[in-house]
Structures are given as C-alpha cells and as structure tokens.
Amino acid sequence: MPDMSASVSLAMTHLVPLAKEVDENKVTPGVLGFIVFAAMAVAVWGLMKSMSKHMGKVDFKEPADPEQTSAAGSAQPTATGKPSSTS
C-alpha cells in the first residue's frame, strides 16, 4: 500500500495559503446561500398551501358511541317528552 502522507502533506502546503487569504470577518453565505434559502422558503410555502387545501376537503364525522345509542334506545320518551327512568 503506497504511503499517502507525502500526497497529504503536499496538498496541505497548497491549501494552507488559500485558507489564510480568507478573512474570517467577511465570510458570508453569498448568492448560493440566498438561492438555497429562497428555494426552501418557496417549497415550505407550497407545502403549506397544499396542506391547507387538503385539510379543507376533510369532512370528519365521529361515529356515534354504541353505548350511548343503546342507552338512549332503551329509555323511551313519555308523553311529556322526558325519558322514562327504569329503576
């Protein structure tokens, strides 16, 4: 297996001067960062709009509880409109 330390040290000698040229106080995301952020913002806006449209189509009706319907069916209303109590 060839020794990679010579090529690594050669690469580091070429990259170190490039790193010293970059001013740490002036590094910004640049145009590419803005484009990526804007694309993500548009994607989130589109997803929210689509979700809102799909949620508007939902018509959820909860089924009646079988225990309540059987209790209401056994208590027959009287002539006054009140359910009769069977004790």
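Residue indices begin at 1 and follow the sequence shown.
Grouping Ile, Leu, Val, Met, Phe, Trp and Tyr by side-chain contacts under 4.5 Å, direct or through others, puts Val36 with Leu32, Met40. Through direct or relayed side-chain contacts under 4.5 Å between Ile, Leu, Val, Met, Phe, Trp and Tyr, Met55 connects to Val44, Met48, Met51.
Put simply, CG on Asp59 and NZ on Lys61 are 5.0 Å apart, with the number rounded to the nearest 0.5 Å.
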